[in-house]
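Read the structure below first, then the notes.
Just the heavy atoms: all of them, side chains too, but no hydrogens, waters or symmetry mates, feed the values below. Values in this document were obtained by computation on a predicted structure and should not be read as measured data.
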Amino acid sequence: MRTAAIIEAWLQELSDSDLDAVLRDWQVPQDTATLAAAAKWMNEPAALDRMLSRTTATDLAALTSGDGTPALAARGLHPDDALRARIPASLELHAPDASEQREDTSPAVDAAAMSVMRLSGAVSSMADQPVRLSGRGIPLAAELRFRSSELGIEIAEWERLLAAALHYRFIAPLDRELCASDTGVAWLDLAPQQRWEALRELFLAELSLSERAFLDQGTPSVEQTLPLADAATLEQFRALLERATLLGLALDGRITAVSPEQIAQHIPAPIDYVYLQPDQTLVAPGPLSHSAARDIAEMAVSEARGMASTWRLTPASLHSAMARGSTAEELLERLHRLSQTGVPQPVEYLLRDAERRFGAVQVTEGETATVRTDGDTAKRLLVDRALTAIELRVPTGRAIEEGVLHSASSSDVVLDKLVEERYPALLVDAEGAPVVSERRIATVSGRAPLSNLTERLRGLGVEVSSMQPDWLQAQLIAAVKSKMPVRVTVASGTQVQHATLVPLSVSNGRLRGRDLERDLERTLPLRAIVEVAGLQNA
């Protein structure tokens, strides 16, 4: 007979990681005070029904016949009369036929290889040039069109890749842009098969126990795999299956049996060369090594990414490289090193012309822009109808021959418009030195191995004495705002006590909180707290 006491004893015996997995799968409330309370909650009829709704047809069939499975045991579900009574007798259970499972792994390898290359392309694109966001924090429409075209996919598919890259923190928001993260750059440094393997490990590590059982035994029909699921649960598992399939980690509803070695055989080894064409394009016939891609990205713009990639040298991209200190000779030397076809004469002409015109039109950075050039160019700028939007004018007291123009628009807007109209515009500071856009990489923190709830129930806290003097107060103030419980260890003389509190306020060196175990309000001096567990991002 399943009782709360039996469940609590089982929870006590679990390792910390297994306990964490069970608590997540059962969706135990975050404000649960003790393991006993967790066990009582897991024995409630509503919690049992919720778990059965996330149980596969294969495991439900085992329960109705009085058998267990490893997946059921890991989730704390064991066949007994009370549990079987919760499964409708009229339910027809058809476990997936193992003979129907695909033996040919080629489609799975194809899908996995394509997925890892597309995700790599999306992350490397943002490493080279962050995605600009609107005021609402979503990518601009122009960004959606360009980035999806760059990968040769539909906008909707690119948005799904974007969601995956955000989920695994390969990219992160920084100011009003989406940038590659330090985690994403480290991932790009891996060989393609290692990227896929790392992606698979990340995906599997965050699966709940019921999600893993679903993908281990599933079919493309979520309704058939989870016959007791309600509409919300079905939608959740459809989204899981879609994400797994997008990343090439699942096919036909099941986790694939693809190995890194198969990925390595399917994806050509990274190369460090390109074919430089007379039309100023650089064509990479295979996936570029990350270092070669970085060399190219510093002087060319991407037009297509994937198994093969195409880049183009433009006056603007060459001026950007020159602003970083490269000379035409140095860029020529780099191209000779990378190109298997030498440097065609038109490319050399482009480089020489770019060097000659470099800095011919200077835009001083600021909320409003000042443009400096020669008198003839200034006259052309004033009459160019394509520049009407930035409203260039000659400042009061200046002559057009001086080559100084002003715009009420910001320097960024003016620079973008001039470059768009193929003027050799360069952003400079107040002293006239080129302003170089540094590569923007977002820093993301590592994921906590255990949830705050598990840490608190296990008492896996942080020793206050090992932290800075003001650390505890700052952490508890944050806990007050989040209204999430913490478990504190309090030392008073020779006595040590533990308490699980919902922090209410921190002031005058004292913590006031509601004790969840005793259901009363307590006030504790901060100096008496020697350990605290369950903090958010401690």
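Residues passing the salt bridge (Lys or Arg N to Asp or Glu O under 4.0 Å) test with Asp272: none are found, sequence neighbours excluded. Every residue two or more places apart in sequence or in another chain was checked for a salt bridge (Lys or Arg N to Asp or Glu O under 4.0 Å) with Arg514, and none qualifies. Taking Glu159 as the reference, nothing meets the salt bridge (Lys or Arg N to Asp or Glu O under 4.0 Å) condition, with sequence neighbours excluded. For Ser221, the side chain to side chain contact (heavy atoms under 4.5 Å, CB included) criterion is met by Thr219, Glu223, Gln224, not counting sequence neighbours.
A side chain to side chain donor-acceptor pair (under 3.5 Å) check over residues 60-71, counting only residues at least two apart or in different chains, returns the pairs Asp59-Thr69, Ser65-Asp67. Residue pairs meeting the side chain to side chain donor-acceptor pair (under 3.5 Å) criterion with at least one member in residues 137-158, sequence neighbours excluded, are Arg118-Glu157, Ser125-Arg147, Ser125-Glu150, Arg132-Glu143, Glu143-Arg147, Glu150-Ser302, Glu150-Arg305. Listed by first then second residue, pairs satisfying salt bridge (Lys or Arg N to Asp or Glu O under 4.0 Å) with a partner in residues 198-209 read Glu206-Arg243, not counting sequence neighbours. Residue pairs meeting the ring pair (Phe, Tyr, Trp, His ring centres under 6.0 Å) criterion with at least one member in residues 229-256, sequence neighbours excluded: Phe214-Phe237. Residue pairs meeting the salt bridge (Lys or Arg N to Asp or Glu O under 4.0 Å) criterion with at least one partner in residues 166-184, sequence neighbours excluded, are Asp175-Arg440, Glu177-Arg440. The ring pair (Phe, Tyr, Trp, His ring centres under 6.0 Å) analysis of residues 136-157, with sequence neighbours excluded, yields no pairs.
Contact check for Leu48 versus Leu83: side-chain heavy atoms found under the 4.5 Å cut-off. Residues Trp41 and Leu23 fail the side-chain proximity criterion, which asks for heavy atoms closer than 4.5 Å. Looking at heavy atoms from C-beta onward, Leu91 lies in side-chain contact with Ile87 at the 4.5 angstrom threshold. You'll find the side chain of Arg75 reaches within 4.5 Å of the side chain of Thr55, heavy atoms only. Counting heavy atoms from C-beta outward, Glu531 and Val488 have side chains that stay 4.5 Å or more apart.
Asp230 and Thr233 share a donor-acceptor pair across their side chains, judged by distance under 3.5 Å alone.
For Ile155 against Leu144, the heavy-atom pair with the smallest separation is CG1-O, 3.9 Å. The two atoms that bring Arg294 and Ala127 nearest to each other are NH1-O, 4.3 Å, heavy atoms only.
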Kindly indicate, with the supporting measurements, whether the criterion side-chain contact (heavy atoms from CB on, under 4.5 Å) is fulfilled by Arg458 and Leu14. CA-CA 11 Å; Arg458 285 292 203 214; Leu14 294 175; 4.3 Å; yes
I would like to know whether Leu19 and Leu450 meet side-chain contact (heavy atoms from CB on, under 4.5 Å); could you show each step before the answer? CA-CA 9 Å; Leu19 174 63; Leu450 298 175; over 6 Å; no
Between Asp216 and Arg254, does a salt bridge (Lys or Arg N to Asp or Glu O under 4.0 Å) hold up when you go through it step by step? CA-CA 6 Å; Asp216 280 342; Arg254 300 179 183 88; over 6 Å; no
Could you list the donor-acceptor pairs under 3.5 angstrom formed by side chains in residues 495-504, with sequence neighbours left out?
from	atom 1	to	atom 2	distance (Å)
His498	ND1	Thr489	OG1	3.1
Thr500	OG1	Arg487	NH1	2.8
Thr500	OG1	Glu517	OE2	3.3

Show which side-chain atoms of residues 184-193 pair as donor or acceptor with protein atoms under 3.5 Å away, not counting sequence neighbours.
from	atom 1	to	atom 2	distance (Å)
Trp187	NE1	Arg195	O	3.0

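The environment of Arg238 atom CZ is dense: over 12 non-hydrogen atoms of other residues, nucleotides or ligands sit within 6.0 angstrom.
If you run salt bridge (Lys or Arg N to Asp or Glu O under 4.0 Å) between Asp25 and each of Arg54, Arg50, Arg212, only Arg54 comes through.
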